[in-house]
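So the structure is just underneath, and the comments pick up after that.
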Amino acid sequence: MIPEVKREIIDLGDGRTISLETGKLAKQAHGSVVVQSGKCMLLCTVVSNYKQSDVDFLPLTVDYREKFAAAGRYPGGFFKREARPSDGEVLTMRLVDRVLRPLFPKDYHAETQVMVQLMSHDEDVMPDAMAGLAASAAIQLSDLPFECPISEVRVGRVNGEFVINPTRAQLLESDIDMMIGASADSVMMVEGEMDEISEEEMADAIKFAHEAIKVQCEAQVKLAEAFGKKETREYEPEREDEELAKKIHELAYDKVYAVAKAGSSKHERGAAFAEIKEEIVASYSEEEQEEFGDLISKYYSKAEKAAVRDLTLNEGLRLDGRKTDEIRPIWCEVDYLPSTHGSAIFTRGETQALATVTLGTSREANQIDMPSYEGEERFYLHYNFPPFSTGEARPIRGTSRREVGHGNLAQRALKGMVPEDCPYTVRVVSEVLESNGSSSMATVCSGTMALMDAGVQLIKPVSGIAMGLISDAESGKYAVLSDILGDEDHLGDMDFKVTGTADGITACQMDIKVKGLSYEILVKALKQARNGRLHILEKLTDTIATPNADVKGHAPKMVTRRIPNEFIGALIGPGGKVIQELQKETDTTIVINEDPVTEEGIVEILGVGSEGIDAVNAKIDSLLFKPTKGEVYEVKVIKMLDFGAVIEYTAAPGNEVLLHISELAWERTDNVTDVVNLGDVFEVKYFGVDPKTRKEKVSRKAILPKPEGYAERPPRERDGNRDNRSKDNRGDRKPRRD
């Protein structure tokens, strides 16, 4: 039986379309959809348990995977199958999760899994831009409780024109690469990188993307109606007790407000809040605690959140005593670690990041091997967030999704300021040592200084700041918070991170938790962020104003040069013998790549000492040395033969040629040693390739005066039976025994 398929088409407005299809694949999932654009096809499924989990949060898992078969390729590695997700896949998971999670009911705690798989790849379609659309469409086709459809699109700007879901080729020409997630009514998530654009330009890009998202949300509604909209499932809601909530609010609010207004440190404030909670819990009997313990904790948290928000809205004060636009104290230091190629410490309040820089050749580039993209990164940044940074002890089980995401944001903030002609592969590692508010922005700041300390010639320094928003729809009050704390991140209506130079924004990440946020408030928040960025940038440049003129003495120096294609083999040698011996002798690292356009060899020479690099350059010069016909060159005898001397050009050691015995002197020479000896240095004239011997010819006698009375010998007559090799003599050979 052929299944009935329902399909909805989305017109992108430039001849491209996206289709949503359901009814053919994965019908046992609670919702499934195939999203297709060109030859790119994503299969998305959603399943959620009908029984609530015994937790106080939504156990949602968003999984995005790209199948290598989608691009007609084999997975790398020994076991030829897909394994752990790549960083690119993890980043896509995070983008989708951040938009979906807030739209589930707060009391819905059933195990939920959204799986998006790339099943067919198209070089002109970037699949991550459709993952959010696929996830939301699958949920709309299910019976899951979910507030409204959403979608995500990528927006670029090519030649001044905004483009929805640009191709990878278009992105190379674009000065904006942003992902925007939204419902039909509200923008919820923004993340991307930009080429120093203004706050108004960023808002315009978000508006443009939102219009496209509205169309995609409408298509999901139509598809669900055509398929047959399912009744939303019933689930056991969380227990509520309005009287208990009111009582705990009365017990906690004023005390929390007073502690919040005191402007204490994170640990002092945490201890004071914990004491208030303990007092409230102790006011109930053991039986009441047994029965209402989870509700007491829940309602206390609500009262605490309300008190802190009201303090900011009513008095313009914050948990640590700052005003809304005030930045915490900052101190910085560079060159802290003596053995690294570059290092810097950035400390802002109770957040601290130590960044290191390592310089290398193209061999150390970060290889990206995904079905949808193959390439390499010559600049990359890794971010580590150990548990001690927040005063916790917990197991470390590999790199978390959060670490991947925060590191990627900092990398995107800085990479545009690393010049294209930087000869090195550059790795930045940020070690977060303390955290209470945006360690990713501290990473951007410490990374900037570490790069300058390492002698990387940054085009402009970059700083970053984390901002927050607290708003009250009823009163119309709102407060934009600069340099937010960890607690403010949790209780606010929006948290966004903005990085940039003095001239514009280079990267951003926003999570907007309030519906219908006006663009006026958004632009105001971005402009307040700019003032904070410039303040922080001044602190960075006070510490290190410009990049160091050169790399450190113990850091490797890099020289890059090009050689003709035909000389690559000579430099490498048979089995790599020449280049390996040269690296060993000079204590350098030599990497040879081929320019795909000119087919020239690009030689990278990396070494700590200039002597080794000079020696490699001299070797290459000798390989490339080509004497000019008719010119005179200084040479040195390096080997004696019966019929001449092997000489090398002193300007190109290793470049050898035979000086025949007949070209040593005008007089007849019986022994080579009568004229020259090993190690002698003299001049010869170069005659090019001898047409008779087809070998290069040089002469010493050509630059010597002829002896008086010298007479040329007549040319030797050639005998047709020379060397007794005539036809008549061939028969004299003894027959072979076989």
Side-chain angles (χ1 to χ4, degrees), residues 5-26 32-45 64-75 82 86 88-89 91-93 95-96 114-138 140-141 149-159 161-174 176-181 192 205 208-209 211-220 222-223 226 368-375:
V5 176
K6 300 298 182 182
R7 184 179 290 108
E8 192 68 32
I9 304 297
I10 300 168
D11 187 356
L12 293 179
D14 56 1
R16 295 176 298 147
T17 61
I18 300 175
S19 72
L20 306 177
E21 176 186 292
T22 191
K24 184 180 290 187
L25 303 181
S32 70
V33 67
V34 173
V35 178
Q36 181 170 358
S37 181
K39 294 185 290 185
C40 177
M41 298 176 69
L42 295 173
L43 169 64
C44 180
T45 58
Y64 171 81
R65 300 299 178 100
E66 297 187 356
K67 306 298 183 179
F68 277 85
R73 294 177 51 211
Y74 282 90
E82 289 81 0
S86 66
E89 289 168 320
L91 293 170
T92 302
M93 296 174 197
L95 287 172
V96 177
V114 177
M115 296 188 66
V116 187
Q117 303 177 70
L118 175 67
M119 308 302 287
S120 177
H121 176 53
D122 187 327
E123 288 290 338
D124 294 327
V125 180
M126 297 182 69
D128 60 338
M130 301 192 300
L133 168 62
S136 177
Q140 294 306 305
L141 294 166
I150 60 94
S151 190
E152 294 179 348
V153 299
R154 173 177 274 109
V155 62
R157 186 170 64 175
V158 181
N159 298 324
E161 298 291 330
F162 290 123
V163 181
I164 293 296
N165 292 355
T167 65
R168 201 174 293 277
Q170 287 176 313
L171 271 186
L172 294 175
E173 303 175 11
S174 175
I176 295 175
D177 177 8
M178 284 201 302
M179 290 285 285
I180 291 89
F208 183 79
E211 293 304 314
I213 287 172
K214 292 176 182 178
V215 175
Q216 297 185 8
C217 291
E218 183 181 355
Q220 295 175 54
K222 290 181 179 179
L223 180 67
I368 301 173
D369 184 21
M370 296 175 63
S372 62
Y373 178 66
E374 292 180 90

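Counting from 1, the numbers follow the sequence of the chain as shown.
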- Message: Checking the side chain of Gln36 only, and the main-chain atoms of Gly38 only, is there a donor and an acceptor separated by less than 3.5 Å?
- Response: yes
- Message: Using 0.5 Å steps for rounding, measure from the CE atom of Met126 to the CD atom of Gln170.
- Response: 10.5 Å
- For the pair Ser151 (side chain) and Cys217 (backbone), establish whether a donor and an acceptor sit closer than 3.5 Å, ignoring hydrogens and angles. no
- Note on the structure: One should read off an interatomic distance between Asn159 CG and Glu173 CD, to the nearest 0.5 angstrom, of 6.5 Å
- Task: For Arg73 and Met370, indicate whether the former's side chain and the latter's backbone hold a donor-acceptor pair under 3.5 Å.
- Result: yes
- Task: Quick one: list whatever passes salt bridge (charged side-chain N to carboxylate O under 4.0 Å, His left out) with Lys24, sequence neighbours left out.
- Result: none
- Message: Between Leu25 and Val34, is the side-chain contact (heavy atoms from CB on, under 4.5 Å) condition met? List the steps.
- Response: CA-CA 8 Å; Leu25 303 181; Val34 173; 3.7 Å; yes
- Residues forming a side chain to side chain donor-acceptor pair (under 3.5 Å) with Glu211, sequence neighbours excluded: Lys214
- Do Tyr64 and Leu95 have side-chain heavy atoms sitting under 4.5 Å apart? no
- Message: Could you measure the distance from the CD1 atom of Ile18 to the CE atom of Met130? Nearest 0.5 Å is fine.
- Response: 6.0 Å
- Item | Residues Asp124, Lys39: salt bridge by 4.0 Å N-O rule | no
- Message: Has Glu66 got a side-chain atom pairing as donor or acceptor with Ser372's backbone, closer than 3.5 angstrom?
- Response: yes
- Message: When you measure from the side chain of Glu8 to the backbone of Leu20, do you find a donor-acceptor pair of N or O atoms at a distance under 3.5 Å?
- Response: no
- Query: Do Asn165 and Val155 pass the side-chain contact (heavy atoms from CB on, under 4.5 Å) test, and can you show the C-alpha distance, the side-chain angles, and the key distance before you say yes or no?
  - Reply: CA-CA 6 Å; Asn165 292 355; Val155 62; over 6 Å; no
- Task: Keeping the roles fixed (side chain from Ser174, backbone from Arg157), state whether a donor-acceptor pair exists under 3.5 Å.
- Result: yes
- Should Glu374 and Asp369 be marked as a side-chain contact (heavy atoms from CB on, under 4.5 Å) after you check the CA-CA gap, both sets of side-chain angles, and the distance that decides it? CA-CA 5 Å; Glu374 292 180 90; Asp369 184 21; 4.0 Å; yes
- Audit row: Leu141, Ser32, side-chain contact (heavy atoms from CB on, under 4.5 Å) steps and yes/no: CA-CA 7 Å; Leu141 294 166; Ser32 70; over 6 Å; no
- Message: Between Glu89 (side chain only) and Ser86 (backbone N and O only), is there a donor and an acceptor less than 3.5 Å apart?
- Response: yes
- Asp14 CG: over 12 foreign heavy atoms closer than 6.0 Å: yes
- Item | Under-4.0 Å salt bridge between Arg16 and Asp11 | no
- Query: Within the distance-only criterion (no hydrogens, no angle test), does the side chain of Glu82 pair as donor or acceptor with the backbone N or O of Phe68 below 3.5 angstrom?
  - Reply: yes
